[in-house]
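Take a look at the structure below.
One is the number of the first residue; the rest follow in order along the sequence. Worth saying up front: this structure is predicted, and the values here are computed from it rather than measured.
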Amino acid sequence: MTDVDAAKRPQTNEASAQGEPQRIGSEGLTTPTEIGIARAAALFERVDPAAAAQHLEPILAADPGSGPGWILMARIRLVLDEVDKALDAANRAVELAPEDARPLAMASRALTLLGRHEEAVTMAYRAVIVEPKNPLWHDRVAWSLLAADRQYADAEQAARTAIGLDPKEGHYHFTHGVTLDALGHTDQARQAFLTSLKLEPENPVAQHRLALLNGEAVRPPEKKKRGWKLFGRKSDAVSGPVRPEELLP
């Protein structure tokens, strides 16, 4: 399945919250590390992650104690599909900034992509503990459990918690629909997808999942293993930000 969510996210979206830089200039930056990270962030914003990584690598080699640098590098590596390197960068950021939930969530995503589901779930819950009022981390818990093929009731609870924290974000209703579908609650799942589409009418992933429930599309055969190869790859034809979790069949 190669559907992707090409709709733009609000400012508190998963990509930005997991380390994607906000627009940043050089004003107020005083150290070479800060300036270098800002330049790498600017390259990343211009959708050139390879150049951003190339620029950031020597900066982190010279200053390996930069938490913000490793957070940015983890996000870049995930976009580049370099999952092992993303996990290494996220783990370094966790050590340097244990009070920041973002590297925990990025480590969770990388672990999910690598098929290390128990660790992914643990990291997701750690992000929730650090920042319990952020719906993004509850959403990550839900997807880590879905990818692990277990504890669907807990995944559904996490999705409902995310909705309670941000009811106007269509993606959380989409996640809720997937968890309800996994539990076999077809009618409730359908309603969740309809709510998601009211908030994001052009979301092709939600459209496809609703079509599956309505019998208007064919569900792909179940994979034997739910490892990282389940998720969208760079060879997929995409336009816009990709949430790998949404590519679960």
Side-chain angles (χ1 to χ4, degrees), residues 5 8-22 66-75 78 86-87 89-114 116-183 185 188-189 191-193 195-196 199-200 206 241 243-246 248:
D5 178 6
K8 293 182 178 179
R9 304 265 66 93
Q11 188 170 355
T12 53
N13 57 38
E14 183 174 8
S16 62
Q18 291 192 13
E20 185 171 352
Q22 304 297 319
S66 172
W70 287 113
I71 289 173
L72 176 58
M73 182 61 88
R75 174 60 185 165
L78 280 172
L87 179 59
N91 284 335
R92 287 173 178 262
V94 168
E95 292 178 2
L96 292 166
E99 75 289 348
D100 195 325
R102 292 175 299 168
L104 291 164
M106 284 188 289
S108 175
R109 169 174 284 192
L111 288 163
T112 291
L113 294 171
L114 291 167
R116 294 164 59 180
H117 298 301
E118 294 294 331
E119 297 168 85
V121 171
T122 298
M123 281 293 194
Y125 275 117
R126 284 179 62 184
V128 167
I129 291 170
V130 170
E131 195 177 4
K133 297 299 184 181
N134 192 323
L136 293 162
W137 315 144
H138 294 278
D139 187 71
R140 174 94 278 276
V141 167
W143 284 107
S144 67
L145 290 170
L146 283 167
D149 275 331
R150 66 178 179 84
Q151 294 178 266
Y152 293 146
D154 289 345
E156 191 270 337
Q157 175 63 54
R160 278 193 288 118
T161 301
I163 291 172
L165 292 167
D166 188 1
K168 294 184 179 180
E169 170 53 52
H171 173 64
Y172 302 142
H173 293 277
F174 171 83
T175 301
H176 194 212
V178 176
T179 63
L180 289 166
D181 188 21
L183 287 167
H185 302 327
Q188 295 177 54
Q191 185 57 50
F193 291 139
T195 301
S196 177
L199 295 166
E200 295 183 343
R243 290 197 191 94
E245 291 94 338
E246 295 187 355
L248 281 166

Check Ala105 against Ala127 and note the closest heavy-atom contact, atom names and distance. N-CB, 4.2 Å
Among Asp181, Ile163, Asp139, find the residue that satisfies the side chain to side chain contact (heavy atoms under 4.5 Å, CB included) test when tested with His176. Ile163
Would you say the side chain of Met123 lies within less than 4.5 Å of the side chain of Val121, judging by non-hydrogen atoms? no
Using distance alone, with no hydrogens and no angle criterion, decide if Thr161 and Gln157 have a side-chain donor and acceptor under 3.5 Å apart. yes
Determine, step by step, whether Leu145 and Arg150 satisfy the side chain to side chain contact (heavy atoms under 4.5 Å, CB included) criterion, reporting the C-alpha distance in whole Å, the side-chain angles of both residues, the deciding distance to 0.1 Å, and the verdict. CA-CA 6 Å; Leu145 290 170; Arg150 66 178 179 84; 4.1 Å; yes
Under 4.5 Å between any side-chain heavy atoms of Asp166 and Tyr172, yes or no? yes
Please find the pair of heavy atoms, one from Glu156 and one from Leu180, that lie closest to each other, and give the distance. CG-CD2, 3.9 Å
Do the ring planes of Phe174 and Phe193 sit parallel (below 30°), tilted (30 to 60°) or perpendicular (above 60°)? tilted
Testing the basics here: between Leu183 and Ala153, what is the closest heavy-atom pair and its distance to 0.1 Å? CD2-N, 3.8 Å
Nearest atoms (heavy-atom pairs only) where Ala159 meets Thr175: CB-CG2, 4.0 Å
Report yes if some heavy atom in the side chain of Arg116 is under 4.5 Å from a heavy atom in the side chain of Leu87; otherwise report no. yes
Would you confirm whether Ser196, through its side chain, and Ala192, through its main-chain N or O, come within 3.5 Å as a donor-acceptor pair? no
Interatomic distance, OH@Tyr125 vs CG@Asp154, rounded to 0.5 Å, equals 4.5 Å
Kindly check if the number of other-residue, nucleotide or ligand heavy atoms within 6.0 Å of CZ (Arg126) is above 12? no
Among pairs that include at least one residue of residues 127-137, which meet salt bridge (Lys or Arg N to Asp or Glu O under 4.0 Å), considering only residues two or more places apart or in two chains? none
Do His173 side-chain atoms and Pro167 backbone N/O form a donor-acceptor pair below 3.5 Å? yes
Can you find a heavy atom in the side chain of Arg102 that is under 4.5 Å from one in the side chain of Trp137? yes
Heavy-atom distance under 4.5 Å between the side chains of Arg140 and Met106, does that happen here? no
